[in-house]
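Scroll down for the structure; my scribbles are underneath it.
Worth knowing before you read on, the calculation uses all heavy atoms, side chains too, and leaves out hydrogens, waters and symmetry mates. Note that the numbering runs from 1 along the sequence shown for the chain.
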Amino acid sequence: MDFDKVINRKDTGCIKWDRAEKIFGRADVLPMWVADMDFDNAKPIKDALRSVIDKEVLGYTFPQDSLFEAIINWQRENHNMEVKREHIMLSPGVLSSIAVVVQALSNPGDSVLIHDPVYTPFFSMVNKNNRHVYRTPLKLEHGQYTMDFKNIEKYFKTVENIKLFIISNPHNPGGRVWSKEELTELVELCKKYSVILISDEIHSDLVYSDKTCTSPVTLDESYKKWVVTLHSATKTFNIAGVKASFIVAFDDELRAKIIEVQEETELDIVNTFGMKATEAAFSSSKDWHKQLLLKLEANRSMVTNFFDTQLPNVSYMVPEATYLFWFDSSNLNIEDEKLRETFAQVGKIGLNDGLSYGPNGKSYMRLNFAVPNSLLEDGLNRIKIVFDHFAQ
């Protein structure tokens with residue numbers, strides 16, 4: 001697999017490339033923002049999708065045993081999670097899953113806790129479903145985010161009707177892989193205050209070789225009553241366009257509530273292409289996945305080495321997972337609301353601004369480094385142009 005092949009994604013309806021001018025205000029911006037990769041897909045996935053076109057009528061389909069077997073085997077081999085078919089609920093996407101779980105396990109007017117900063121739709125999806133959102137700030141220690149358990153417990157104690165805590169595991173945008181000890185302490189707090197933990201693990205298969213991502217539900221048998229897991233092949237295998245994910249809930253009562261809302265909204269249906277792509281990803285694309293991780297690890301080193309040598313005064317977080325690089329732009333002395341525009345106009349590069357991930361993300365920018373070497377080198381040089389411009 002040639003991960004350094006440059007693929008022209010313009011004029012394909014690609015959000016990352018074809019909406020860049022509208023979002024960043026200029027046509028010559030290099031888009032390194034939205035979290036999909038500029039890499040070709042695994043051949044088994046493409047072959048599986050072609051088989052749908054070549055051999056089958058595009059009529060109504062149902063999930064076959066082989067799909068569930070692929071999910072079960074992947075979770076066992078990669079996440080130490082022993083899942084049965086009845087524990088799995090298919091869903092069009094992780095955000096759809098969040099909406100369903102919020103509706104199923106809380107009521108309008110209830111409260112939901114999230115980290116700050118964290119993936120932007122955690123706030124918007126909960127807010128759109130008429131729940132109150134509270135943010136518990138992450139602490140910066142030794143260049144990485146850590147959870148503030150005292151602050152979390154304070155919220156649990158003082159805020160009425162916190163029913164859910166949604167976490168990004170691993171963390172987006174910081175790339176942190178939460179330790180078993182941290183996750184255990186978090187679930188114990190959730191148990192103590194009767195809060196259900198929703199663990200979004202869409203990045204959990206993009207973890208670097210020195211770390212292991214843990215699903216909190218695997219840490220103790222009693223946690224199965226308190227944890228719901230969200231997962232998908234789409235992020236790992238760069239197939240976001242097929243729209244497919246799944247929810248894992250071991251507890252019968254939790255699962256029944258989720259299924260009820262899924263059936264009410266028809267959000268229990270995954271399209272034919274999503275099912276075929278997910279099965280092919282988990283069952284037949286393991287070699288591609290291994291090569292991808294090696295490429296991402298090399299790109300991560302390229303990014304950190306560039307910052308260490310060319311931008312030594314800029315602090316950043318070394319991602320333990322994901323292909324997202326979170327760096328601090330505070331020494332530019334630019335208003336947080338203008339950072340994205342500044343990078344676009346001065347450096348001609350499209351990045352995510354940290355403020356959109358929550359107040360605690362101010363001054364940070366997020367770079368997507370899952371690109372061929374030539375694009376990554378170009379993007380890094382554009383970032384340097386911005387810092388050099390304001391250092392004059």
Which pair of non-hydrogen atoms, one from Leu339 and one from Ser329, has the smallest distance, and what is that distance? CD2-CB, 4.0 Å
One should read off an interatomic distance between His203 NE2 and Leu324 CG, to the nearest 0.5 angstrom, of 5.5 Å
May I ask you to test the Val270-Lys243 pair for a side-chain heavy-atom distance under 4.5 Å? no
Less than 6.0 Å separating the ring centroids of Phe3 and Trp288? yes
side-chain contact (heavy atoms from CB on, under 4.5 Å) for Asn360 and Arg135? Distances and angles first, verdict last. CA-CA 9 Å; Asn360 207 35; Arg135 302 177 186 265; over 6 Å; no
Are Met365 and Val318 in one and the same hydrophobic cluster, where Ile, Leu, Val, Met, Phe, Trp and Tyr link if side-chain heavy atoms are under 4.5 Å apart? yes
Step-by-step side-chain hydrogen bond (donor to acceptor under 3.5 Å, both in side chains) determination, Lys276 to Ser51: CA-CA 9 Å; Lys276 289 291 186 181; Ser51 74; 5.4 Å; no
Would you call the rings of Phe282 and His231 parallel, tilted or perpendicular, where under 30° means parallel and over 60° means perpendicular? tilted
Relative to the ring of His115, is the ring of His171 parallel (under 30°), tilted (30 to 60°) or perpendicular (over 60°)? perpendicular
Please assess Asp353 against Lys338 for the test salt bridge (charged side-chain N to carboxylate O under 4.0 Å, His left out), listing each intermediate value before the final yes or no. CA-CA 9 Å; Asp353 62 283; Lys338 295 182 179 180; over 6 Å; no
Under the 6.0 Å and 45° cation-pi test, does Arg340 pair with Phe24? yes
Any side-chain donor near an acceptor of the partner, Ser199 and Glu201, under 3.5 Å: yes
Determine whether the aromatic ring centres of residues Phe307 and Phe327 are separated by less than 6.0 angstrom. yes
Answer yes if Trp178 and Val207 sit in the same cluster of Ile, Leu, Val, Met, Phe, Trp and Tyr residues linked by side chain heavy atoms under 4.5 Å apart, and no otherwise. no
For the pair Arg300 and Glu297, evaluate side-chain contact (heavy atoms from CB on, under 4.5 Å) and give the outcome as yes or no after the intermediate values. CA-CA 5 Å; Arg300 180 181 66 163; Glu297 196 137 9; 3.3 Å; yes
Under the 3.5 angstrom rule, does the side chain of Asn238 hit a backbone N or O of Phe39 as a donor-acceptor pair? yes
Determine, step by step, whether Val228 and Ile247 satisfy the side-chain contact (heavy atoms from CB on, under 4.5 Å) criterion, reporting the C-alpha distance in whole Å, the side-chain angles of both residues, the deciding distance to 0.1 Å, and the verdict. CA-CA 7 Å; Val228 174; Ile247 305 167; 3.5 Å; yes
For residues Trp17 and Asn8, is any side-chain donor paired with an opposing acceptor at under 3.5 Å? no
Assigning hydrophobic clusters by single linkage (Ile, Leu, Val, Met, Phe, Trp, Tyr; side-chain heavy-atom cutoff under 4.5 Å), is Met147 placed with Leu197? yes
So Arg26 and Val29, side-chain contact (heavy atoms from CB on, under 4.5 Å) or not? Walk me through it. CA-CA 6 Å; Arg26 57 187 307 152; Val29 71; 4.0 Å; yes
Going from OG on Ser285 to NZ on Lys46, what distance comes out if it is rounded to the nearest 0.5 angstrom? 11.5 Å
Find out if a path of hydrophobic residues (ILVMFWY) with successive side-chain heavy-atom gaps under 4.5 Å connects Ile23 to Tyr119. no
Specify whether Tyr323 and Phe369 have parallel, tilted or perpendicular ring planes, treating 30° as the upper limit for parallel and 60° as the lower limit for perpendicular. perpendicular
Between Leu296 and Leu294, is there shared hydrophobic-cluster membership here, with clusters defined by ILVMFWY side-chain heavy atoms closer than 4.5 Å? no
Name the orientation class of the two ring planes belonging to Phe325 and Tyr316 (parallel below 30°, tilted from 30 to 60°, perpendicular beyond 60°). tilted
Side-chain donor-acceptor pair present, Asn172, Arg366, cut-off under 3.5 Å: yes
Could you pull out the closest heavy-atom pair between Ile202 and Asp200, with the gap in Å? N-OD1, 3.2 Å
Could you tell me if Lys163 and Ser111 have a donor-acceptor pair between their side chains, going purely by distance under 3.5 Å? no
Asp36/Lys235 ion pair, N-O < 4.0 Å: no
Decide whether His132 and Asn161 meet the rule of one side-chain donor and one side-chain acceptor closer than 3.5 Å. no
Full working for ring-ring contact (aromatic ring centres under 6.0 Å, His included) between Tyr357 and Trp326: CA-CA 11 Å; Tyr357 296 87; Trp326 190 239; 5.5 Å; yes
